[in-house]
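As C-alpha cells, the structure follows; a few thoughts come after it.
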Amino acid sequence: RNWTTIKEFEEIKFEYFEGIAKITINRPRYRNAFTPDTIKEIIESMVFCRDSQDIATVILTGEGDKAFCSGGDINVKQIGGYIGKDGIPRLNVLDLQKMIRSLPKPVVAMVNGFAIGGGHVLHVVCDLSIASENAIFGQTGPKVGSFDAGFGSSYLARVVGQKKAREIWFLCKQYSATEALELGLVNTVVPFDKLEDETVAWCKQMMQHSPLALRMIKAGLNAELDGQAGIQELAGNATMLYYMTEEAHEGKDAFLQKRKPDFSKYPKMP
Ligand code: 1HA
C-alpha cells in the first residue's frame, strides 16, 4: 500500500491513501507515549482531515509492533500537566478526545500493541477499534498518579458497562485482545500482519456508504450522551442540511432584495 505523506511532523506521521488519512504516533522509543507537542500535531492533522474533500475516514495508530500508545509521556509530566516545547503544563489530550468524537467522519483506532492509560482512552473515544492479536489494553492512572474521570470513565462505562469500567480503573489490570473483544471494547481482532489490511477494508466498506448518513449517525449517537454539546452537534448538522434547501435560500434572498419572504410554496412534510 502506497501511503503518501500529507505533511511532515516531528512526533507523528500523517499519510494518505485512497480516501483514508492515517495518523501514526511516531515515538516507539517511549511506547508511543504522547507529549503536548504530539497532541498538537495530531490536532492539526485532524483539522486537515475535517476540511479535506479527499478524506472520508481517519485511522489513528502507533508506530511499530509494540504499542498503539502508552498515554502521557511520564518524562515530561510536571506540576499541573505535561510540558512541551513551550514549557506550559497541559492536558491537551482532552481537546483531542473531544475532537475525535465530533469529527464528522469515522475515526478508526488501529490498535497495534499496548493501548494503555491515556492511550487506552484514545482508542476508546474512536468510532471503531480494530486490534491485532498482540494488543494489550488497560488503564494505569491510579497506579501512576493520574485519572481520567471524563470520557475515559463515563464513555468507557457506556462501552463496557459500569462493573467492568470500575474493574478496569480500580484494579489497573491489563487485558488481552481476546478479552477486549469479549468486552465489546474492540470491534475485531486479527493477526498483526493482517492489521492494516483489515482496517483499510473496514474503512473502504464505510466509504461505499453515504458520508452524510454516517455523519448524522455519529452525531446522533453522540447527542444521546453529550448533553447540550451533543445536541449542538446534531443541530449543526440539521442547520447545514437546511442551508441546502430552497426554503432557506428564500429567506436569505428576500433579505438581500429588501422584500418580504414568501415561504408559502415550500412543502410542509407530514
Ligand atoms: O491519565 C492521563 C490523563 C488524565 C486526564 C487528562 C490528561 C491525561 C493525560 C495522560 C494521562 C495518562 O496517560 S496517565 C498514564 C501514563 N502511562 C502509563 O502509566 C503507562 C506507562 N508504561 C507502561 O506501563 C509500560 O511501559 C507499557 C505497559 C506501556 C509497556 O511495557 P513494556 O513493553 O514492558 O515496556 P517498558 O520497558 O515499560 O517501556 C519501554 C520504554 O518506554 C521504557 O523506557 P526505557 O526504560 O527503555 O528507557 C519506558 O520508560 C518507556 N515508556 C513506556 N511508557 C511510557 C514511557 N516513557 C514515558 N511515558 C510513558 N507513558
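For the single chain, residues carry numbers from 1 onward in sequence order. Start at 1 and go down the list; that is how both ligands and their atoms are numbered.
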Please determine whether a side-chain nitrogen of the Lys or Arg among Asp197 and Lys204 lies less than 4.0 Å from a carboxylate oxygen of the Asp or Glu. no
closest protein heavy atom to atom 45 (P) of ligand 1 is Arg29 NH1, 3.5 Å
Going by the 4.0 angstrom heavy-atom rule, the piece of Ile136 near ligand 1 is neither
among protein heavy atoms, the one nearest atom 54 (N) of ligand 1 is Ser70 OG, 3.1 Å
To atom 2 (C) of ligand 1, the nearest of Gly118, Ser146, Gly81 on a heavy-atom basis is Ser146
Per side-chain contact (heavy atoms from CB on, under 4.5 Å), Leu122 is matched among Val107, Val93, Val111 by Val93
Please answer whether the main-chain N or O of Pro142 pairs with a side-chain N or O of Ser146 as donor and acceptor at a distance below 3.5 Å.
no
inquiry  = Under 4.0 Å from atom 17 (N) of ligand 1, can you find at least one protein heavy atom?
reply    = yes
Counting from 1 in the order shown, the ligand 1 atoms closer than 4.0 Å to a non-hydrogen atom of Gly71 are 13 (O)
Among Gly152, Gly72, Gly117, Cys69, closest by heavy atom to atom 13 (O) of ligand 1 is Gly72
Ranked by distance from atom 15 (C) of ligand 1, the top protein heavy atom is Thr140 OG1, 3.3 Å
Note: Asp127-Lys105 ion pair, threshold 4.0 Å (strictly below):
no
> Could a heavy atom of Gln174 be found less than 4.0 Å from some atom of ligand 1?
Replying inline: yes
Indicate whether atom 49 (C) of ligand 1 is within a distance of less than 4.0 angstrom of some protein heavy atom.
-> no
### Query
Is it the case that Glu196 and Trp3 place a side-chain donor and acceptor less than 3.5 Å from each other?
yes
Exercise. What orientation do Phe68 and His123 show, parallel under 30°, tilted 30 to 60°, or perpendicular over 60°?
Worked result: perpendicular
- [ ] Indicate yes or no for a side-chain donor-acceptor contact from Glu63 to the backbone of Thr24 under 3.5 Å, with no hydrogens or angles considered.
- [x] no
Ring-plane angle category for Tyr266 and Phe263, please: parallel below 30°, perpendicular beyond 60°, tilted otherwise.
tilted
In this structure, atom 21 (C) of ligand 1 is nearest to the protein heavy atom Ile74 CD1, 4.1 Å
Atom 34 (O) of ligand 1 sits nearest the protein heavy atom Arg31 NH2, 4.7 Å
For Tyr16 and Ile55, what are the C-alpha separation, side-chain angles and deciding distance, and is it a side-chain contact (heavy atoms from CB on, under 4.5 Å)?
CA-CA 8 Å; Tyr16 175 83; Ile55 294 169; 4.0 Å; yes
for atom 52 (N) of ligand 1, nearest protein heavy atom and its distance come out as Tyr30 O, 3.8 Å
Honestly, for Asp73 the part within reach of ligand 1 (heavy atoms, under 4.0 Å) is both
_Exercise check, heavy-atom protein proximity under 4.0 Å to atom 25 (C) of ligand 1_ = no
Between Glu11 and the options Arg29, Lys40, Arg27, the salt bridge (Lys or Arg N to Asp or Glu O under 4.0 Å) test singles out Arg27
Test item: Thr245 side-chain N/O and Ala248 main-chain N/O as donor-acceptor pair under 3.5 Å | yes
If we number the atoms of ligand 1 from 1 as shown, the ones under 4.0 Å from a heavy atom of Phe34 are 10 (C)
### Task
Apply ring-ring contact (aromatic ring centres under 6.0 Å, His included) to the pair Phe48 and Phe14, showing each step before the final yes or no.
CA-CA 10 Å; Phe48 184 96; Phe14 185 33; 5.6 Å; yes
shortest atom 5 (C) of ligand 1-to-protein heavy-atom contact is with Phe147 O, 3.4 Å
Quick note on ligand 1: atoms under 4.0 Å from a heavy atom of Ile116 include exactly 20 (C)
Should Asp226 and Arg101 count as an ion pair when the cut-off is N to O under 4.0 Å?
yes
Val93 heavy atoms within 4.0 Å reach ligand 1 at atoms 7 (C), 8 (C), 9 (C)
For Ala33, the ligand 1 atoms with a heavy-atom partner under 4.0 Å come out as 59 (N), 60 (C), 61 (N)
heavy-atom search around atom 9 (C) of ligand 1 in the protein gives Tyr82 CE1, 3.6 Å
side-chain contact (heavy atoms from CB on, under 4.5 Å) with Tyr175: of Val160, Leu185, Ile168, only one passes, and it is Ile168
Q | Under-4.0 Å heavy-atom contact between protein and atom 38 (O) of ligand 1 | A | no
For Asn75, the atoms of ligand 1 under 4.0 Å from one of its heavy atoms are 57 (N), 58 (C)
